[in-house]
Each structure stands twice: as structure tokens, then as C-alpha cells.
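Input: a single structure, listed below in C-alpha cells.
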Amino acid sequence: MTDQAPPPPAGDLPSGYDPAAVERKWQERWQAEGTNSPDLANGKDPFYALMMFPYPSAEGLHVGNLFAFTGNDIHGRFQRLQGHTVFQPFGFDAFGIHSENYAIKVGIHPGELIPRNIDNFRRQVQRTGLMVDWRHELSTTDPSYYKWTQWVFLQLYKQGLAYKKAAAVNWCPFDKTVLANEQVIGGACERCGTMVEQRFLEQWFFRITDYAGRLLANLESLDWSDSTRTAQRNWIGKSEGAEIEFVVLDVLEFAGSATASAGLSGEVAVSTTKVRVFTTRADTIFGATYLVLSPEHPLVHSITSDGQRDAVEAYLARAAKQDLVTRKTSKEKTGVFTGAYATNPATGQPIPIWIADYVLMEYGTGAIMAVPAHDERDHEFATIYGLPIVRVIGGEDAANSQIGDAAFTDTAHCHLVNSERFNGLSVEDGAAAIVTELAARHAAIPVVNYRLHDWCISRQRYWGPPIPITYCDACGVVPVPEDQLPVLLPPIDDFRPDDSGVSPLARHAEWYHTTCSSCGGPARRETDVSDTFLDSAWYFLRYPSSDRDDVAFDAALTKRWLPVHSYIGGNEHAVLHLLYSRFVTMVLHDAGFIDFEEPFTRFRAHGMIVREGAKMSKSKGNVVNPDDYITQWGADAFRTYLMFLGPYEEGGDFRDKGISGVKRFLDRLWRSVQDARTDGDVEPEVQRKLHQTIRKVGEDIPRLSYNTAIAAMMEYMNTMRSGERRPHVDEVRPLVQLVSPFAPHIAEELWSVLGHTTSVFDAGWPAYDPALLVESTVTMAVQVGGKTRGTITLARTGTQEDAMAAALADPAIAKFVTGAPRKVIFVPGRMLNIVV
RNA sequence: GCCCGGGUGGUGGAAUCGGUAGACACAGAGGACUCAAAAUCCUCCAGCACGAGAGUGCUAUACGAGUUCGAGUCUCGUCCCGGGUACCA
């Protein structure tokens, strides 16, 4: 192992502090006394402190997991010290392709592997001393959990929000499996390197797009990290524009002259075929010189002219074979002419209709009006294929210049040109006026489009909850009745995917063939399992009710504990997990199961930790193993160090030697309690610093500013123990309380040494006295002409005159005051600036 | 490309409202204690210049402008690093 923790402080515990013994003792006691298990039904002031549950990998807990959990634990413990009943549950997100692929690799069934991994994770988390209520532990792979995941599916189905449609998936012909987008590297399968193809398979989808508007609008009122809200906003991608109809010209009468657009007029009949396009730039319609359809567009075959048919078919075949990732990332523009024309409704002129794969079927209408003068992609395409480029937007001083090598995409302070009666209008007014006029002719309609797609939840895989649907020849699609849940995942020895493109579940004949719950006749089970994102889209609802087998979640408990008061997790889930959770919550709200529609009142994203400036990875061999550090330094020191190494929401740099500073602090705390005296009085200077520290730590923790809270406690320690000073017990006791969220075991131990018989976490939070915070004199900076030249000490209530007198009395300052001050700026208690 | 973060000593990082830049800690140097070491405690620790010294001056928060009595903090432009996203019409 290259990632050895540095040696622990040598010697034989000079301070008497033995973290291993202390931590074992208190973990056992918490367990025995149920310290971390709140009374969910009656506890006052509920506070639900949730962290994102982990995927239990075989490698064990990553230090990044612990960083996340510890930050949540500190926040939860602090809330408890403020008088809340805090519920901090823990669970495992253990279904999915990662587990399955790993199981295939090592040749052990996931049903055997996962419980092992979970045991190891639980052991590691427990060692860390999190205030977790283990009575409510859950695993998504447990039938008593996924029974209710299937129930959630049925609720969406009942609401008409689950439907089936054919959709493209990545298919590796060698591995005979469906791949997620992230498993396709440069068009090839990440495992075997075979070029990936696309296949169309029937898949189950959730209509999350129906909720796009609400998911977007609610973001405004959520107390979430701004970066997370922005990411969601961008992902939903609202864009306002218009759908415009272009009537296709009937060219049958002159097959063979497909390229001669000049010869079109007068000889063509107007057909009833119309192409609908979506555009956000209706103002540029006079510059729309051609249309482009996506290769999958339904009109492609019917409008293609005989002369172009071979070329079009060839293009479609090539597009169909290409994998999804390559198609979406490749920037080269390719396309083919259909031979058909449509009338530009603004100019009345015929324009050619092309097919190109840069137009995506799943967005908008799958067709665009191309304006090469003002859109980069259209410009590139038009340049390659020699299509006309007509400028219709003028800038402030470039109104008449030609379009050169690049599209002109500015809109601010621009106006329409070459657009007949719309000339001179601003971009915004022009778009509105054109849409209004086309709408009057029934050729356009204002439309809002979202980038967000419906959520594909089908996985042609083994390791997931079966989708609770059956197919009956007589009754069609029949959902499994709720009282027949769960549909158990059958044990299958060979769970590898095969060439068929359907889930391995289809090979289990006994399971696959069932009876129709509606007519009693023969039926077949749906063989797809659901996406792991569905498992995690509702788990927060399950935690408080995890011991209930008759309902997914108890109504009263849910009302009491949800929405989640505080949710902490990584920004890598900023979009999908959080969005899906919000969606499922909204649906359950609309179905009347819960009375809130947003699951997480407050969300904060934590940062990432790196090690010695480099990202941690197995291949670099620089992964921090929490077990090593906890063994050598103790969980308390490890937790506190993780929180000290940088701002929690930004992450930090784990430097191996840094932990010694935190350990020294805990050693010093230990000795301070042993050395504390009960005679005499507290010292006013120390007392003031104490009260300042209580305030600072109490303000920093809710802001997740853990690193500065720890620094403040260290500062206080330096004051209290300055020069081996023997502290008064009243100076030490509150510090034990302040430290307790960070280093809970040592705090409990010292709290009991100080004579308390109950948990420090039931002792409340120390109060500070505002009157004791202020000092009678203040040190103020004195500037001359804006440059700091010295300081003066002044009574707190000192006036500007006092300050001036004191400043001028100091020759080091006075020497810069060369003449009568032109201006004096005085900020009471802070600074004085003399401008000469 | 676009969208978010970020850039401060040898290092990780402080500076909450525009008001003494570098808290706290690591590393380093020196000292006390000790036969010695460890542990502990104390002192020093941005750069440059001048000074025997106490000290004094100047320059410093990626770079360049700007606003202001005063900018790490606000505005504009540029560069670099990290994360997310990818032809979204």
C-alpha cells in the first residue's frame, strides 16, 4: 500500500487520551442507551438531517463519503444541541449497473456480494461515530423496500405518467448489452472497444416534462445552493418561441428538375403537407433559406423526391447505425437534400428541404427553419452545401456589411433588415410582430419548449426492481395489483445480458410466465427493471416509516418529519437525483398522498476533497483509507481534521501531516479538563474570549463554516492555555460543548469527567452574554491619504475629535500629516482616515 | 463553445457590511525543559530596500484598467485552474 497514514504521535499517551478506548466506550453506550434513536412519534421540534445515501462499493467507504456524512452529522448534532429532536437515518443505494458489472467481473452473485459490502460500510460508518438512528436503516435491494419502489411506479402509472415508447439505446454487439451514455467512449464500448450501435427498444418512460414548468418555477422559493438551482434551471432549459408552419410544395409534376428552384413558380401545386418548425428567432424568418428535418422525422419518406430517394435512404441508414454519443458530440455537419421545397410563409419564396443529423428529433418538432446568416450551425451547414445566406439582422454600425466567415448572432441593439415592413424593429419586437401576423394566418403559434426529456426508467438488466407490469393477450398491459407486490427479483445464476436485447429475466421461464390478474388467463411479465434513480427518488419518504410493512410511508409520521429540513450531498447529483426526487414528490402530492410538493426545504452541496493537490483515484494509489486514519489518530481527530481542511461547501486538500494539528488540539482539550481548577474566579480576558467563541461557533455551524469554527476554538484554546496557564473549570466546560458536534466521543468522555451523568448532546448549547463580548477600548487603524500609517487605542465610545487628537499625538502618524486635513473620514470603532 | 465555482505567504486556508491582508493550522528556524530524545511550552516566519540595532520605507491578494478618502472584497476587460454540460433551433 502506498497510501499509508503517517505514524501516530509516538510515546505512551502522555496526555492520557486514548481515542480508541474512548470511542469504543461511547459507541457502545450510545447503542445500549439508544442515544441516537429519537422518539419519532412524540419528540418535540423535529429536525430531519438527511445525507445522500451511498452506493456500497466493494472498496469500502471513500473519504469523500465520510467528508459528506461528517458535515451532515455536525449539523444534525448542533440542531440537537439547540433543542431539536434530530433524525439522521442511513441507508444503501445498492441496485444498479455498477454492482451488476462488478458482480459479473468477480463471478459472485450480487445478492451475495451486496450484503457483504453493506456490512463493511456499516462498520466503517459506525466507527466514525455518526449520530445515526440505525433502527431505520434501509437498502434499496431489500424486497421490503423495493416493494414500495414498485408501488411508486404504479402510482405514476395510475396518474397516466408512465408510458411505453420506442427509444434509441446504445448497443454493444460484442458484449450484447445496452450501455449507458457514460460507458461509450469515442463511439466504442468502454470495456471491449467494439463500435457501439444504436438500437430501438420499447422502453418505459415517466412524463417528467409535464412537470417542467412547476419544477422550474418552484426553484425560486427553495433554500438551496445557488449553483444547484442554476444547474437545474439550465437542465430544464425553458425556451420561449413559436412553432411555424411551412407548406410543402408538390413537385410531382416536375420530377427530374429537383435542383432548379428558379423553375418552380407557376408549375407547382400547393400540397397539404406542412412542416412544423420550432424557433426562438421568428425575427429572422426572412433569412430562412432552407428547412432541415431530423433523419427520424416522420415526413422524411413522404416528401423525398424519386430523384433523391437513393441518396436519402443511404443517409438515413448511416445515421441509424451511428451510436448516440458520437452523433451528439461530432460537430461535423452532414446532410442530404430531399428534393422537396416548402414555401417560406414570410417571403412567399420556395426554399429547399434538407435532412441533417444536427437536428434532433427529440427536441422541438424535429425540424428547423435554417437561418444561416444568424445561426452558427446553420451557417456552417450552408457553407458546406452552398445554400444561400441572407442577412436580416443589422447591428448598430454593421447594418449593411455582408455575413462573412461566421454567423452574426448578436441581438442586443440590433434591428431587422431585408424584412419588408418589419425593417427597423428590434429583434424582440420583430419576433413578436412576425409571430402575431403569422398567427393571424394560422401559420404560427407561440410555444414554450423545454430541453428536459421524459425520464427513461427501463433497464434491460438484472440487478434492479422488476417493473410491476404484466402483458396479457386478452387484456393488454395490466399493472400488478398493489396487494401482489413485491414482484420479487428471481434468483438467477446466469444474470449476464445476452444478444436478445431483453433483460436476463426473460430467460427465467417460470418467473416470466404468469397469470393475468384481470382475466386469469396466461400473461407475461415485463422483464425490464427500473432505473436506480427511481430507488433514490423517494427514499427520504421511507426512512421514518421503514418499519412499516403495510404502507410506503405513514401519514402522521410523514406529516411530522417531512419535508426534509436539511439535505446535504454532492453537486454531482445536482441535476438528476434532485430533479427526479422533486418530480416524484410532486406526483405523490398531486395524488393526495402527501401535503407538500417539494421534498427538501434546504439543500447544500458540499465540495470535493483532493489529496496533496491531486484528485484521489485508485489508479494513482493515493486514496485515503479512513480505517487507517481512524486506527492511528482516532475518529474524533479524523472527523475534525476533515472539517478543518477547507470550507465545507468548496472542499479542500487532504494533507497527511495536517491532522497532527487537530490531534494536538484534542490532546490539549483533554489535559485542560484534567488540569482544571475549581477554586478562584474566571479571568475576565479569558471569559470575554470564551463568549466571543461561543457566538462565533454558534454562527458558523449553521452556515457550514466548519473550518472557521474549529479555528475559533483553537484560538480560544491558545488564550485559555497560554503559557501553561491552568484554566478554571468554567472556562473549559463550555468548550467541551462547542467541540461536541465535531468530536463527539471525547466530548462525551470529558463531559462525564466534569461530573455530568447524562449525554452532552442532551445538555443544550452554552449561551453567550452580549455584554461580555465588548472590550472597553478599541484599536483603530489610522490612515493618512488612504494609506495605513499606524494604530491608536481609544475608548470604545471615542469621538472623531478624540481620535484626531490621539492620531496627531503619535509622531509616526503625525509626520505624514503635512498640512491641514482636507477631509476626515471616521468610522467609529474601526478606522480614521485623514486626507491631506 | 456555454453554464457554475475558484486564483491570497513555502503549504492548506482566514478576512461575515468596501475599513490594520495573511486568523487558525501544517512545514521550517531558534530557544526552554531533558543525560539525551519524544512529548510539552515559548519566540520567529510575505517580498524587496535602507539601518549596527530598535526600526523605517516601498511593493504585494493571477494580470490590466476603473469607481472610491480607502478595493482581496464592487465594475469592465484578459489569462489560468477545477467541476458540469454538449449541435436544444
Side-chain angles (χ1 to χ4, degrees), chain A residues 9-15 225-228 230-231 233-235 237 239 241 277-281 292 325 327-333 356-360 362-371 375-378 380-381 449-453 571-572 574-575 605 607-608 610 612-613 615 641 644-647 649-662 664-665 667-668 671 696 699-700 703 705 707-708 710-715 717-718 721-724 779-791 812 822-825 827 829-836:
Chain A
D12 42 338
L13 304 168
S15 65
S225 300
D226 277 339
S227 60
T228 311
T230 304
R233 218 173 275 129
N234 293 342
W235 189 263
S239 73
V277 305
F278 174 72
T279 180
T280 56
R281 293 294 306 276
V292 188
V325 176
R327 174 164 166 190
K328 284 196 167 189
T329 50
S330 129
K331 293 282 182 221
E332 264 166 71
K333 299 277 177 297
D357 67 1
Y358 79 92
V359 175
L360 309 174
E362 62 269 23
Y363 186 75
T365 60
I368 61 160
M369 63 176 211
V371 184
D375 180 279
E376 283 170 25
R377 297 152 301 179
D378 298 343
E380 195 188 329
F381 190 80
N449 249 319
Y450 294 95
R451 202 195 79 114
L452 183 68
H453 296 165
N571 235 347
E572 68 272 18
V575 176
M608 284 208 330
V610 297
E612 311 282 349
K615 211 189 230 179
Y641 178 54
F644 183 61
L645 49 74
E649 290 175 82
E650 282 162 44
D653 191 354
F654 191 101
R655 296 170 60 258
D656 293 356
K657 286 180 173 164
I659 193 169
S660 62
V662 164
R664 235 188 301 267
F665 169 72
D667 282 334
R668 248 178 142 186
R671 276 183 279 115
K696 169 94 176 137
E699 285 172 356
D700 282 355
R703 293 192 293 126
S705 189
N707 57 334
T708 55
I710 295 165
M713 292 188 284
M714 288 174 164
E715 267 189 76
M717 177 69 80
N718 290 342
R721 305 274 2 227
S722 165
E724 296 274 79
T779 304
M780 284 174 53
V782 179
Q783 299 180 344
V784 180
K787 276 189 203 276
T788 303
R789 296 300 185 180
T791 58
R822 283 194 291 131
K823 192 174 175 184
V824 175
I825 289 120
V827 183
R830 305 216 83 153
M831 54 78 64
L832 174 75
N833 187 3
I834 303 163
V835 185
V836 289

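In what follows, chains carry the letters A, B, and so on, assigned in the order in which the sequence lines appear, proteins first and then strands, with residues in each chain numbered from 1.
- Panel note: side chain A:Ser225, backbone A:Ser227; no donor-acceptor pair is recorded below 3.5 Å.
- A:Arg830 CZ: 12 or fewer foreign heavy atoms inside a 6.0 Å radius.
- In this structure, A:Glu362 places its CD atom 12 Å from P of B:A86, rounding to the nearest Å.
- By the rule that a glycosidic angle within 90° of 0 means syn, B:G70 does not qualify and counts as anti.
- The side chain of A:Leu360 approaches B:C87 more closely than any other nucleotide in the set B:G13, B:C87, B:C69.
- Among the protein residues, A:Thr365 comes within range of no part of the nucleic acid, since none of its heavy atoms lies under 4.0 Å from any strand.
- Between A:Met608 and A:Asn571, every side-chain heavy-atom pair lies at or beyond the 4.5 Å cut-off.
- On the P atoms, B:A46 is 10 Å away from B:G22, given to the nearest whole Å.
- B:G18 and B:C74: their P atoms are spaced 8 Å apart (whole Å).
- Straight-line distance between the C1' atoms of B:U43 and B:C33: roughly 15 Å, to the nearest whole Å.
- In this structure, B:U85 forms a base pair with B:G1, meeting either the Watson-Crick or the G-U wobble geometry with both donor-acceptor distances under 3.5 Å.
- Judged by atom type and distance alone, A:Lys696 reaches the base of B:U16 through a side-chain donor-acceptor pair under 3.5 Å.
- Across all strands shown, B:C41 forms a Watson-Crick or G-U wobble pair with B:G31, both key distances being under 3.5 Å.
- Pairing for B:C26 goes to B:G10, judged as Watson-Crick or G-U wobble with the two contacts each under 3.5 Å.
- Judged by distance alone, the side chain of A:Asn833 and the main-chain N or O of A:Gly786 form a donor-acceptor pair under 3.5 Å.
- The side chain of A:Ser660 approaches B:C26 more closely than any other nucleotide in the set B:C4, B:C26, B:C87.
- When rounded to the nearest whole Å, the span between CE of A:Met717 and P of B:C41 equals 10 Å.
- Using a 30° and 60° split on the angle between ring planes, A:Phe381 and A:Tyr358 fall in the tilted class, from 30° to 60°.
- Across the strands present, B:U67 finds no partner; the criterion is a Watson-Crick or G-U wobble pair with both atom distances under 3.5 angstrom.
- Considering only side-chain atoms of A:Arg703, the nucleotide from B:A89, B:G19, B:U16 that sits closest is B:U16.
- By the neighbour-count criterion of 12 heavy atoms within 6.0 Å, atom CD of A:Glu376 is sparsely surrounded, having that number or fewer from other residues, nucleotides or ligands.
- The nearest heavy atom of RNA chain B to A:Gly658 and to A:Leu452 marks one nucleotide each, and the one closer to the 5' end goes with A:Gly658.
- Between the C1' atom of B:G83 and the CG atom of A:Asp226 lies a distance of 16 Å, rounded to the nearest Å.
- Taking atom CZ of residue A:Phe665 and atom P of nucleotide B:G12, one finds them 23 Å apart after rounding to whole Å.
- Between the C1' atoms of B:C76 and B:G1, the separation comes to 22 Å (whole Å).
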Under the criterion salt bridge (charged side-chain N to carboxylate O under 4.0 Å, His left out), I'd like the reasoning laid out for A:Asp700 against A:Arg703: C-alpha separation, chi angles, the key distance, then a yes or no. CA-CA 5 Å; A:Asp700 282 355; A:Arg703 293 192 293 126; 2.6 Å; yes
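- Across all strands shown, A:Asn833 has heavy atoms under 4.0 Å from base atoms, whether or not it also approaches the sugar-phosphate.
- Computed from coordinates, the A:Asp357 CG to B:A86 P distance equals 17 Å when rounded to whole Å.
- Looking at heavy-atom distances under 4.0 Å, A:Ser705 makes no contact with the nucleic acid at all.
- Within the nucleic acid shown, A:Ile825 comes within 4.0 Å of at least one base atom, counting heavy atoms only.
- The separation of B:A65 from B:A60, taken at their P atoms, amounts to 11 Å, rounded to a whole angstrom.
- Nucleotides B:A62 and B:G9 place their P atoms 8 Å apart, quoted to the nearest Å.
- A:Tyr641 places a side-chain N or O within 3.5 Å of a backbone atom of A:Arg655 that can act as its donor or acceptor partner.
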Taking only N/O atoms, report every protein-nucleotides 21-24 of chain B pair under 3.5 Å with atom names and distance.
from  : atom 1 : to       : atom 2 : distance (Å)
B:A23 : O2'    : A:Glu715 : OE2    : 3.0

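- Contact annotation: A:Lys657 side-chain N/O to B:A27 OP1/OP2 distance is not under 4.0 Å.
- Summarising the geometry, the separation between OH on A:Tyr641 and P on B:U11 is reported as 15 Å, rounded to the nearest angstrom.
- The NZ atom of A:Lys787 sits 16 Å away from the P atom of B:U56 (whole-angstrom rounding).
- Between B:C3 and A:Arg233, no contact under 4.0 Å exists linking OP1 or OP2 to a side-chain N or O.
- The side chain of A:Trp235 lies closest to B:A86 when the candidates are B:A86, B:A89, B:U16.
- In this structure, B:A62 forms a base pair with B:U78, meeting either the Watson-Crick or the G-U wobble geometry with both donor-acceptor distances under 3.5 Å.
- Nucleotides B:G10 and B:C44 have their C1' atoms positioned 15 Å apart, rounded to a whole Å.
- With distances taken from any side-chain atom of A:Glu650 to the nucleotides B:U16, B:G10, B:G6, the minimum falls on B:G6.
- The shortest distance between side-chain heavy atoms of A:Glu332 and A:Asp357 does not fall below 4.5 Å.
- What you find for A:Asn449 and A:Gly364 is that their closest heavy atoms are ND2-CA, 3.5 Å.
- Nucleotide B:A15: unpaired (no Watson-Crick or G-U wobble partner with both distances less than 3.5 Å).
- Here the separation of B:G82 from B:C24, taken at their P atoms, is 32 Å to the nearest Å.
- At B:C26, one or more side-chain N or O atoms of A:Arg664 fall inside 4.0 Å of OP1 or OP2 (strictly under the cut-off).
- For the pair A:Met780 and A:Ser239, nearest-nucleotide mapping onto RNA chain B gives the more 5' position to A:Met780.
- Here A:Ser227 does not reach the OP1 or OP2 of B:C3: none of its side-chain N or O atoms lies under 4.0 Å away.
- Within the 4.0 angstrom heavy-atom criterion, base atoms lie near A:Arg451.
- Across all their heavy atoms, A:Thr279 and A:Met369 have their closest contact at OG1-CE, 3.9 Å.
- Under the 90° criterion around 0 for the glycosidic angle, B:C58 counts as anti.
- Nucleotide B:A86 holds its C1' atom 16 Å from the CD atom of A:Glu332, rounded to whole Å.
- Nearest nucleotide to the A:Arg789 side chain, out of B:C4, B:C58, B:U20: B:C58.
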